[in-house]
Amino acid sequence: MAKTRVLIVGGTGYIGKRLVKASLAEGHRTFILRRPEIGLDIDKLQVLMEFKRQGAELVEGSFSDHRSLVEAVKKVDVVICAISGVHFRSHNLLLQLKLVDAIKEAGNVKRFLPSEFGVDPAQMEHALAPGRVTFDEKMTVRKAIEEAKIPHTYISANCFAGYFVGNLSQMETLLPPKHKVSIYGDGNVKVVFMDEEDVATYTIKSIDDPRTLNKTLYLRPPENILSQSELVGKWENLTGKSVDKTCISKEEFLANMEGADFVMQVGLGHFYHIFFEGCLTNFEIGEDGEEASRLYPEVE
C-alpha cells in the first residue's frame with residue numbers, strides 16, 4: 001500500500017523535529033517546508049540537511065507568499081503544522097490562517113493537523129487572561145478549518161515531559177529542585193505528562209486513520225496520568241532523597257500575576273488551570289474525540 005505524503009510545517013522546531021522523525025520511521029514520504037525566513041540560522045539549516053540525508057524532501061514556501069504555500073500543499077496528502085504557540089519562545093498561531101487559505105485553494109489535502117499539541121482549547125472558554133489568548137487563537141484557527149470544510153484532526157497532547165517532569169513542574173526552570181519543591185494546592189490534581197517522542201508517534205499514526213477524522217485525539221495513556229505529588233514521590237524514590245514541600249494555595253499562586261510581565265502571566269494562568277483546576281483530566285472524552293492509547297496500544 002502506498003504510503004501517505006506528509007508535509008510538516010515547523011519541522012525544525014521542538015515538536016516538529018520529532019514529527020519528521022516519526023513520519024520517516026513510519027515510511028511516509030515526508031516533506032518539510034523550508035521557509036526563506038530561516039535566514040542565517042545555521043542550526044535549523046543543519047537540521048534540515050540531516051533530515052534530507054535521511055530521506056525527507058525539502059519544499060520551499062513562505063507564509064508571506066500565498067502561491068508558494070499552495071504549491072507546497074499540492075504535493076501532499078496530509079499537512080501537519082508545528083509552529084510555536086508558546087509565548088516564551090515565539091508565538092505564531094494565527095499564521096496558520098494563511099495555511100488554511102492555501103489548503104482550501106489547493107483542494108487536495110486529505111487531512112490537516114494544526115499546531116495544538118497541548119491543552120484542548122475547546123475546554124478553555126473560561127480561561128484566565130492573558131493566557132487565554134493561546135486557546136482563543138487555536139479556536140480561531142479551528143473555526144477557519146471547519147468553515148473551509150477541511151478534513152482535520154486535532155491533537156491534545158497535554159504536558160510535554162521535557163517541560164514538566166524533570167523539573168517536578170516548577171516554573172522558570174527545567175532542572176530538578178535539589179532541596180525544595182512548590183506543591184500546587186494539595187498536589188493531588190491529576191495531570192497528563194507525555195514523552196515528546198510518543199506525542200509524535202501517536203500523531204503520525206492518526207494522520208490516515210478514519211477513526212480520527214474530524215475529531216480530537218487525546219493523548220491520555222493511563223500510566224501517564226499522575227498528580228504532582230505522585231510525580232515528586234517518584235523522584236524521591238529514584239534519588240533516595242526527600243525534598244521539602246511547600247503547598248501553595250490558589251490565592252497565593254494567582255497573587256503572583258500582579259506585577260508580572262506578560263509572558264509570566266500567561267504561564268501562571270496555564271499552570272493554574274492545569275494544576276489547580278485539573279483542566280487536562282476533569283472531563284470525559286465525548287463522541288467528537290478518541291483516546292490515543294486505546295486506538296494504538298502498540299505504542300509503548
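Keep in mind it's a predicted model, so treat the numbers as computed, not measured.
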Do [X] and [Y] have side chains that approach each other closer than 4.5 Å (heavy atoms only, starting at C-beta)?
X: Ile8; Y: Leu33; answer: no
X: Leu268; Y: Met264; answer: yes
X: Tyr218; Y: Glu290; answer: no
X: Cys279; Y: Met124; answer: yes
X: Leu254; Y: Met257; answer: yes
X: Thr203; Y: Leu113; answer: yes
X: Val165; Y: Leu231; answer: yes
X: His273; Y: Val119; answer: no

Could you tell me whether [X] and [Y] make a salt bridge, using a distance below 4.0 angstrom between a side-chain N and a carboxylate O?
X: Glu230; Y: Lys190; result: yes
X: Asp77; Y: Arg5; result: yes
X: Glu298; Y: Lys205; result: yes
X: Arg142; Y: Glu116; result: yes
X: Arg18; Y: Glu197; result: yes
X: Arg67; Y: Glu105; result: yes
X: Lys241; Y: Glu236; result: no

Exam field: side chain [X] to backbone [Y], donor-acceptor pair closer than 3.5 Å:
X: Gln265; Y: Ala260; answer: yes
X: Asp244; Y: Val181; answer: no
X: Glu196; Y: Gly162; answer: yes
X: Asn108; Y: Val76; answer: yes
X: Lys3; Y: Glu26; answer: yes
X: Thr201; Y: Val199; answer: no
X: Gln96; Y: Leu99; answer: no
X: Asp41; Y: Lys44; answer: yes
X: Arg132; Y: Glu125; answer: yes

* Apply the test side chain to side chain contact (heavy atoms under 4.5 Å, CB included) to residues Ile32 and Leu48: give CA-CA distance (whole Å), side-chain angles for both, the deciding distance (0.1 Å), then the verdict. => CA-CA 8 Å; Ile32 308 171; Leu48 288 173; 3.7 Å; yes
Which of Ile207, Ile150, Val73 passes side chain to side chain contact (heavy atoms under 4.5 Å, CB included) with Phe112? It is Ile150
Discussion item. Do Arg220 and Tyr202 form a cation-pi contact, if we require the NZ or CZ to be under 6.0 Å from the six-membered ring centre and within 45 degrees of the ring's axis?
Written reply: no
Would Arg53 and Phe51 count as a cation-pi pair here, with the cationic atom under 6.0 angstrom from the ring centre and within 45° of the axis?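 Relative to the ring axis of Phe51, which defines the angle, Arg53 lies outside at least one limit.
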Separation of [Y] [atom2] from [X] [atom1] (nearest 0.5 Å):
X: Leu7; Y: Lys75; atom1: CG; atom2: NZ; result: 10.0 Å
X: Lys21; Y: Ile204; atom1: NZ; atom2: CD1; result: 13.0 Å
X: Asp209; Y: Leu295; atom1: CG; atom2: CG; result: 6.0 Å
X: Asp186; Y: Cys247; atom1: CG; atom2: SG; result: 7.5 Å
X: Ile15; Y: Ile83; atom1: CD1; atom2: CD1; result: 14.5 Å
X: Leu40; Y: Ile42; atom1: CG; atom2: CD1; result: 9.0 Å

* Angle class for the Phe193/Phe275 ring planes (parallel below 30°, perpendicular above 60°, tilted otherwise)? -> tilted
Which word best sums up how the rings of Phe253 and Phe271 line up, parallel for under 30°, tilted for 30 to 60°, or perpendicular for over 60°?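 The arrangement is parallel - the two ring planes meet at less than 30°.
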Discussion item. Does Leu219 form a side chain to side chain contact (heavy atoms under 4.5 Å, CB included) with Ser156? I'd like the steps, not just the answer.
Written reply: CA-CA 6 Å; Leu219 278 51; Ser156 177; over 6 Å; no
Give me the atom names and distance for the closest heavy-atom approach of [X] to [Y].
X: Pro176; Y: Trp235; value: CB-CZ2, 3.6 Å
X: Val243; Y: Pro177; value: CG1-O, 4.3 Å
X: Gly278; Y: Val189; value: CA-CG1, 3.3 Å
X: Ala144; Y: Leu97; value: CB-CD2, 3.7 Å
X: Lys138; Y: Pro121; value: CB-CG, 3.8 Å
X: Leu19; Y: Ala82; value: CD1-CB, 3.8 Å

Side chain to side chain contact (heavy atoms under 4.5 Å, CB included) between His66 and Val70: does it pass, once the steps are laid out?
CA-CA 6 Å; His66 173 72; Val70 173; 3.5 Å; yes
Any chance the side chains of [X] and [Y] put a donor and an acceptor closer than 3.5 Å?
X: Glu50; Y: Gln54; value: yes
X: His152; Y: Asn214; value: yes
X: Glu71; Y: Ser68; value: no
X: Ser206; Y: Thr212; value: no
X: Ser64; Y: Ser62; value: yes
X: Asp120; Y: Tyr154; value: no
X: Thr153; Y: Arg111; value: yes

If you count every heavy atom of other residues, nucleotides or ligands that lies below 6.0 Å from Lys245 atom NZ, does the total exceed 12?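 Check passes, neighbour count above 12.
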(request) Decide if the gap between the ring center of His126 and the ring center of Phe135 is smaller than 6.0 angstrom. (result) no
(Q) Working note: Ile248 + Ile183, criterion side chain to side chain contact (heavy atoms under 4.5 Å, CB included); need CA distance, chi angles, decisive distance, verdict. (A) CA-CA 6 Å; Ile248 302 175; Ile183 299 294; over 6 Å; no
Enumerate, atom names and distances included, each donor-acceptor pair closer than 3.5 Å involving a side-chain atom of residues 167-174, sequence neighbours excluded.
from   : atom 1 : to     : atom 2 : distance (Å)
Asn167 : OD1    : Ser169 : N      : 2.9
Asn167 : ND2    : Tyr163 : O      : 3.0
Asn167 : ND2    : Gln170 : O      : 3.0
Asn167 : ND2    : Thr173 : O      : 2.7
Ser169 : OG     : Phe164 : O      : 2.8
Gln170 : OE1    : Ser182 : N      : 2.8
Gln170 : NE2    : Leu168 : O      : 3.1
Gln170 : NE2    : Ser182 : O      : 3.0
Thr173 : OG1    : Leu175 : N      : 3.1

